[in-house]
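First up is the structure itself, then whatever we jot down about it.
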Amino acid sequence: MLHLVKLAVGISSLDDLAHRQRTMMDGAGDGLDGTRADGRPWLRTRMFPRRAEEILAGGSLYRVIGGMILCRQRVVDIRPDVREDGAACALVVLAPQIVSVAPRPMRPFQGWRYLSPADAPPDFGGPTDAGGTLPEALRRELAGLCLI
């Protein structure tokens, strides 16, 4: 299994990400009909992952929001697609559930990166995880101070 990590450009919070994905799935986002990914959230990326089979074996897409990895969504499918300008790209189809993870700082980069399961931040909200109940802004601040 393998994960992807990608910057969520133009997204300011987990609530903003959830809202944009709901809009996309309702067919109102970006002028698309919402059926491209069978009603699931999706994103396009210029390069097709060479290790797609490993990602599809249970991997997730981790999102960097405001310089921190804050959440993940399971990758459901990766398939070839075409942009409006006719350029080839990859369509990454995601599960609708957004899972909060322990915030981890990450510098900006272009495109996406592979992320091994050993390097992936743990999920928030487990039975022994008090940090999962903290507001997002407080989690970010505590992570920035290396306290969580």
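What you see is a predicted model; the values in this text were computed from it and never measured.
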Task: Distance, nearest 0.5 Å, that separates CZ of Arg74 from CG of Leu56 - done: 10.0 Å

TODO: Identify whether Val5 and Met47 are in the same connected component of the hydrophobic contact network (ILVMFWY, side-chain heavy atoms under 4.5 Å).
DONE: no

Task: Flag if over 12 foreign heavy atoms under 6.0 Å of CZ, Arg107 - done: no

- [ ] List the steps, then state whether side-chain contact (heavy atoms from CB on, under 4.5 Å) holds for Ile55 with Tyr114.
- [x] CA-CA 9 Å; Ile55 296 163; Tyr114 291 117; 3.9 Å; yes

Open item on the list: For Ala90 versus Phe48, what's the shortest heavy-atom pair and its separation?
Closed with: CB-CD1, 3.5 Å

Task: Intermediate values then yes/no, side-chain contact (heavy atoms from CB on, under 4.5 Å), Asp77 and Arg40 - done: CA-CA 10 Å; Asp77 195 12; Arg40 294 186 176 115; over 6 Å; no

- [ ] Taking all heavy atoms of Ala95 and all of Pro41, pick out the closest pair and write down the distance.
- [x] O-CG, 3.9 Å

- [ ] State, to 0.1 Å, how close Cys89 and Arg83 come at their nearest heavy-atom pair, and which atoms those are.
- [x] SG-CG, 3.8 Å

Task: Enclosure of Arg46 CZ (heavy-atom neighbours >12, cutoff 6.0 Å) - done: no

Open item on the list: Ignoring hydrogens, what is the shortest heavy-atom contact between Leu61 and Leu43? Give both atom names and the distance.
Closed with: CD2-CD2, 3.1 Å

TODO: State yes or no: do Leu2 and Val92 share one hydrophobic cluster built from I, L, V, M, F, W and Y residues joined by side-chain heavy-atom distances below 4.5 Å, directly or via other members?
DONE: yes

- [ ] Might you point out which heavy atoms bring Lys6 and Phe109 nearest each other, and give the distance in Å?
- [x] CA-CZ, 4.0 Å

Task: ILVMFWY cluster membership beyond Leu17 - transitive side-chain contacts under 4.5 angstrom - done: Ile11, Leu14, Ile65, Met68, Leu70, Ile98

Open item on the list: Starting from Met1, can I reach Val76 by hopping between I/L/V/M/F/W/Y residues whose side chains sit under 4.5 Å apart?
Closed with: no

Task: Within one Ile-Leu-Val-Met-Phe-Trp-Tyr cluster: Leu7 and Ile69, side-chain cutoff 4.5 Å - done: yes

Task: Non-hydrogen atoms of Cys71 and Val101 that approach each other most closely - done: N-CG2, 3.6 Å

Task: Distance (rounded to the nearest 0.5 Å) between Gln73 CD and Gln21 CD - done: 4.0 Å

- [ ] Let me see the working for Val75 and Leu94 under side-chain contact (heavy atoms from CB on, under 4.5 Å), right down to the final yes or no.
- [x] CA-CA 5 Å; Val75 176; Leu94 306 169; 4.2 Å; yes

TODO: Determine which pairs satisfy side chain to side chain donor-acceptor pair (under 3.5 Å) with at least one residue from residues 53-69, sequence neighbours left out, and list them in order.
DONE: Arg51-Glu54, Ser60-Arg72

